[in-house]
Amino acid sequence: MALRTEELMLNMGPQHPSTHGVLRLVVTLDGENVMDVQPDIGYLHSSVEKMMEHRTYVQNVALVDRGMDYLIALNNEQAYCLAVEQLAGIATPDRARYIRVIFDELNRIASHLVWLGTWAIDLGATTVFLWCFREREMILDLFEKVTGGRLHHVYYRLGGVYADLPEGWVEQCGAFLDYFLTRVDEYETLLTKNPIFLARTKGVGTISRADAIAMGASGPVARASGVAYDVRKAAPYEVYDRMEFNVPVLTDGDCYARYLVRLAEMRESVRIVRQALLNLPAGEIRARVPMTMKAPRGEVYVHTESPRGDLGIHLVSDGGETPYRVKIRAPSFSNLYALTEMMKGWKIADVIAILGSIDIVLSDVDR
Amino acid sequence: MNTLKTSPTMATGSATPAAPPPGSAAAQPLPRRSQIAPIADAVAIMDQIPGGGLILTTMEAALNWGRASSIWPLTFGLACCAIEMMAAYASRFDLDRMGIIPRATPRQADLIIVAGRATIRIAPIVRRLWEQMPEPRYVISMGSCATCGGPFYYDNYSILKGIDQVIPVDVYVPGCPPRPEALIEGILKLQEKIKREPILRQQAAAALRGA
């Protein structure tokens with residue numbers, strides 16, 4: 001007797017402990033095999049692009065913290081401030097540019113730690129989550145001493161940064177970096193050669209180099225597929241051209257490669273912060289910018305390397321106090337597009353592993 | 001009777017069962033020694049056991065103490081505040097020590113922490129999650145956005161101006177985002193609220209009404 005079979009449509013999310021926010025995946029299943037995945041986004045649409053048209057250039061710094069990717073508030077501020085500074089022709093003092101690089105990279109480490117912890121917890125390794133958050137709290141302490149905030153800082157200002165580093169901060173940061181490198185090795189003892197972890201990630205969710213480029217993937221997702229592209233190298237902003245660092249690139253394109261790339265990136269970030277701390281010049285931290293700043297008529301597109309990839313901001317000004325139009329090119333949005341290609345043909349249990357490995361933040365996807 | 005031990009958490013607000021109700025205190029005679037003697041004997045026996053003791057409390061206080069000490073929240077994060085909620089669960093703040101263990105399904109949860117901004121699109125889903133939770137259920141509104149719309153209040157077409165438009169909120173935690181300490185304070189406030197609740201009396205009253 002022939003058993004009647006049919007494809008099953010399964011909703012994952014918006015409330016699901018492993019979708020990292022409010023993402024709904026419409027998964028078409030044949031038994032346990034994934035035939036198709038359609039991400040349904042928009043559950044966290046904050047209309048931040050529209051809101052920015054109603055706020056002055058200075059006020060918008062506080063908005064990009066919250067409205068865009070909330071894990072990387074400082075990197076968002078970096079992209080936004082860079083765009084306005086380019087449009088209005090504001091020259092940032094050297095010291096501020098070094099401080100920005102330090103904070104960008106520290107925030108990159110903090111973001112990767114959240115990713116590693118939550119992804120490992122999805123795969124069943126609870127210890128990694130606790131260890132990662134232990135070190136993340138130390139970074140947040142360093143942030144707090146300078147910016148006063150843990151998550152949303154509003155620290156970068158147009159033409160510089162809000163406050164100078166307090167006394168002894170550079171030494172504390174250096175001590176943390178030394179400590180942190182040993183901790184990264186410790187995470188590797190838990191995962192890198194763990195047979196369960198290898199079985200869940202190695203060879204799973206592959207995406208080819210050509211597909212990664214065609215789908216517009218960027219950041220660690222693209223670099224794990226062999227795309228040697230990093231905005232910090234390709235179009236250096238701030239003082240990244242004075243820093244010596246490698247861009248880790250792997251060619252496997254699977255979940256395991258994405259994991260290795262991010263771990264290597266954390267180590268490279270430590271290298272960059274060390275160089276910036278060493279070469280930190282003295283001097284002013286902020287250029288004089290009036291609170292009611294008007295940007296000249298025109299438009300500008302600036303892109304930066306956020307922890308998730310190529311973060312771009314397109315700013316149009318009609319000469320007023322507020323932007324005429326802001327368009328955010330969110331890396332998570334493009335990376336999510338590559339998800340369908342990665343998941344086809346894998347089992348339902350792999351959906352969680354693959355989704356976690358691309359490291360999306362829904363606030364970045366929906367904006 | 002001075003060997004009687006009462007837990008400080010249970011002593012508040014609840015009279016010992018032997019005490020007469022207020023108002024009729026003068027009318028009722030004091031209990032006779034023969035009535036107290038069996039209890040005193042029991043206390044004397046219990047005190048001989050190492051670590052032994054006798055606690056007198058009301059059923060309701062004991063029940064509420066248990067409920068307040070094992071609040072199971074739903075793992076449901078919306079936006080930035082969810083990261084601080086995760087930090088509160090993690091190593092430094094460790095909500096486990098307060099008996100708070102996250103559950104992945106609303107059917108096992110006592111508490112939903114609305115962490116982050118709720119869009120108009122997610123609002124009916126939050127409502128449904130809340131409806132799926134067994135009673136008695138509690139809601140903590142974490143952060144400015146869940147409380148009142150926060151920085152997304154003006155010039156915005158997609159964010160709900162406060163989650164209390166959809167579900168009833170017990171504790172509001174302000175902040176953008178609130179620090180994990182603030183969330184812990186909110187949970188302590190909720191525990192206070194749970195301990196004050198006359199749930200048995202409410203149920204008895206409802207049963208008498210025929211509800």
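Letters go in sequence order (proteins before strands), and every chain restarts at 1. This is a predicted model, so every value here is computed, not measured.
Neither the backbone nor the side chain of Gln59(A) comes within less than 4.5 Å of any heavy atom of chain B. In this structure, chain A has heavy atoms under 4.5 Å from both the backbone and the side chain of Leu78(B). For Tyr154(B), the parts lying near chain A are the backbone and the side chain together; criterion is any non-hydrogen pair under 4.5 Å. Using a 4.5 Å cut-off between heavy atoms, Pro102(B) makes no contact with chain A at all. Both the backbone and the side chain of Leu130(A) come within less than 4.5 Å of a heavy atom in chain B. Both the backbone and the side chain of Ala87(B) come within contact range of chain A, each with at least one heavy atom under 4.5 Å from a heavy atom of that chain. Proximity to chain A involves both the backbone and the side chain of Phe152(B), based on heavy atoms less than 4.5 angstrom apart. Contact annotation for Ile120(B): neither backbone nor side-chain heavy atoms come within less than 4.5 Å of a heavy atom of chain A.
Residues Glu84(B) and Tyr70(A) fail the side-chain proximity criterion, which asks for heavy atoms closer than 4.5 Å. With contacts defined as side-chain heavy-atom distances shorter than 4.5 Å, the pair Met86(B)/Arg136(A) does not qualify. You'll find the side chain of Arg117(B) reaches within 4.5 Å of the side chain of Leu44(A), heavy atoms only.
By the neighbour-count criterion of 12 heavy atoms within 6.0 Å, atom NZ of Lys327(A) is densely surrounded, having more than that number from other residues, nucleotides or ligands. Atom NZ of Lys161(B) sits in a crowded spot, with more than 12 heavy atoms from other residues, nucleotides or ligands closer than 6.0 Å.
Here the side chain of Ser91(B) pairs no donor or acceptor atom with the backbone of Phe133(A) at under 3.5 angstrom. Between the side chain of Asn156(B) and the backbone N or O of Ser46(A), at least one donor-acceptor pair lies under 3.5 Å.
Residues Cys80(B) and Leu151(A) approach most closely at O-CD2, 3.5 Å, considering heavy atoms. Between Phe76(B) and Pro14(A) the shortest heavy-atom distance is CE1-O, 4.4 Å. His152(A) and Cys176(B) get closest at one heavy-atom pair: CD2-O, 3.8 Å.
With chain B as partner, the option from Arg55(A), Arg66(A), Glu53(A) having the largest number of non-hydrogen pairs under 4.5 angstrom is Arg66(A). The most heavy-atom pairs under 4.5 Å with chain A, out of Thr105(B), Thr75(B), Asp155(B), come from Asp155(B). Chosen from Glu137(A), His54(A), Arg134(A), the residue pairing most often with chain B at heavy-atom distances under 4.5 Å is Glu137(A).
Arg92(B) and Asp141(A) are joined by a salt bridge, as a carboxylate oxygen and a charged side-chain nitrogen come within less than 4.0 angstrom of each other.
Taken to the nearest 0.5 Å, the CD atom of Gln132(B) stands 8.0 Å off from the CD atom of Gln15(A). Within the model, atoms CE of Met51(A) and OH of Tyr153(B) stand 12.5 Å from one another, a figure rounded to the nearest 0.5 Å.
Ile83(B) pairs in a side chain to side chain contact (heavy atoms under 4.5 Å, CB included) with only one of the listed residues (Val361(A), Thr118(A), Leu71(A)), which is Leu71(A).
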